[in-house]
Visitor: 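Sharing a structure with you now.
When a ligand or atom number is given, it counts from 1 through the structure's own listing order.
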Amino acid sequence: MKSLHARHRAVLPDWLALYYDEPIEITHGEGRHVWDAEGRRYLDFFGGILTTMTAHALPEVTKAVAEQAGRIVHSSTLYLNRPMVELAERIATLSGIPDARVFFTTSGTEANETALLLATAYRRSHQILAMRNSYHGRSFSTVGVTGNRAWSPTGLSPLQTLYVHGAVRTRGPFAGLTDERFTEAAVADLEDLLGHTHRTAALIAEPVQGVGGFTSPPDGLYAAFRRVLDRHGVLWISDEVQTGWGRTGDHFWGWQAHDQAGPPDMLTFAKGIGNGMSIGGVVARAEIMNCLDANSISTFGGSPVTMAAGLANLGYLLDHDLQGNARRVGGLLIERVRAAAAGVDAVREVRGRGLMIGIELADPDTGRAAPEAASAVLEAARAGGLLIGKGGGHDTSALRVAPPLSLTVAEAEEGAEILEQALRSI
Ligand SMILES: Cc1ncc(COP(=O)(O)O)c(C=O)c1O
């Protein structure tokens, strides 16, 4: 009998990346822990790519899903759908976007597709600004605004994309500048770029880049960008697929670290809101959302079961102030990780906020990115009973630590210890 790994390799695409030399089959989870098919228990500090946002097997979500599934699983957007309307109402209010409309999809990719469709239709332009080192999804349009070669398999695109500086502090021409000088330089670059281009539809940006290795600009940079974009009529789309719902601790949305110039025109979300059920979506001002002059549906978007999960999950998150927990426990965790990394030459930077912590590794002699070291730490952490993630730009040399937002202090301490051993093992 072939192993599940061999069967996976034989039947699924080669480009479907798997973690670990010996990949893990996760069979069940509870709270912040998961178990593999051999019965080994792991502390989960990646949550299936920041998607198990509150906790594994959260009883409130499981119950809501089971009850809704027992009533009706599917009806489509052709019929009124109470849980969809209720979740849209809550998200519209939470979004901070005035006169907000919400459209549900089944993934972050499809949410960004929708935002790009809206922006290009509204502005009658297919020119998009995106950040270098960004990731916005796997579809044809979204890989066309993904400024990370490792995740963008084609240069062909329905969009004309120009990549802007501003999200990466540790490399590139603006590396080493103070926050103020960095922002000034990035704004000057944007001004210059817009002076040379035709009508531009929108800027799409992640407040903290996820796949890019949890890198972010100085607070306020997107507000400074916004003032320039406004002068040119260019829309701002905040991709909150990883940063939404309080993950960054200080804010409910990532854009709020840049709120001096008001909310974005659109925000996109996915991952954590369904705690694993497939929910994505876009929030936009009504004027933008309603600019399409043809019908549209989403067969699965807003399906009653996923919406029931989203409502239960969001209710739990707000009732238990998981944003506050992300701030408090995340603050402790980043301190512990910094202390753990202090004596390790290969660590170039520990960064992040809330429960979104990146550890960038580089060769201490050459300063070059060290993807092998990142893989070695990932393996060592797994051997120690801790699951974390990887990310980064030109090379995958950043470790990503992003536990469910209900993480306890004891679990944070335990995970930091395992991480310290793993870092010291390289
Ligand atoms: C910032 C960001 N946008 C969009 C996506 C795409 O979401 P999905 O994988 O649900 O299509 C991701 C996925 O990692 C993401 O991190």
Visitor: Restricting to side-chain contact (heavy atoms from CB on, under 4.5 Å), what partner residues turn up for Leu317, sequence neighbours left out?
Guide: Met53, Thr54, Trp245, Phe252, Leu314, Leu322, Leu405
Visitor: Show every ring pair (Phe, Tyr, Trp, His ring centres under 6.0 Å) that has at least one partner inside residues 140-160, sequence neighbours left out.
Guide: Tyr135-Trp151
Visitor: Is the shortest side-chain heavy-atom distance between Leu43 and Val34 below 4.5 Å?
Guide: no
Visitor: Which protein residues have a heavy atom closer than 4.0 Å to any atom of ligand 1, listed by chain and number?
Guide: Ser107, Gly108, Thr109, Asn112, Tyr135, His136, Gly137, Glu206, Asp239, Val241, Gln242, Lys271
Visitor: Between Thr243 (side chain only) and Trp253 (backbone N and O only), is there a donor and an acceptor less than 3.5 Å apart?
Guide: no
Visitor: Assess the side chains of Asp189 and His165: does a donor N or O sit below 3.5 Å from an acceptor N or O?
Guide: no
Visitor: Applying side-chain contact (heavy atoms from CB on, under 4.5 Å), name anything that partners Arg199, two or more places apart in sequence or on another chain.
Guide: Arg123, Ser125
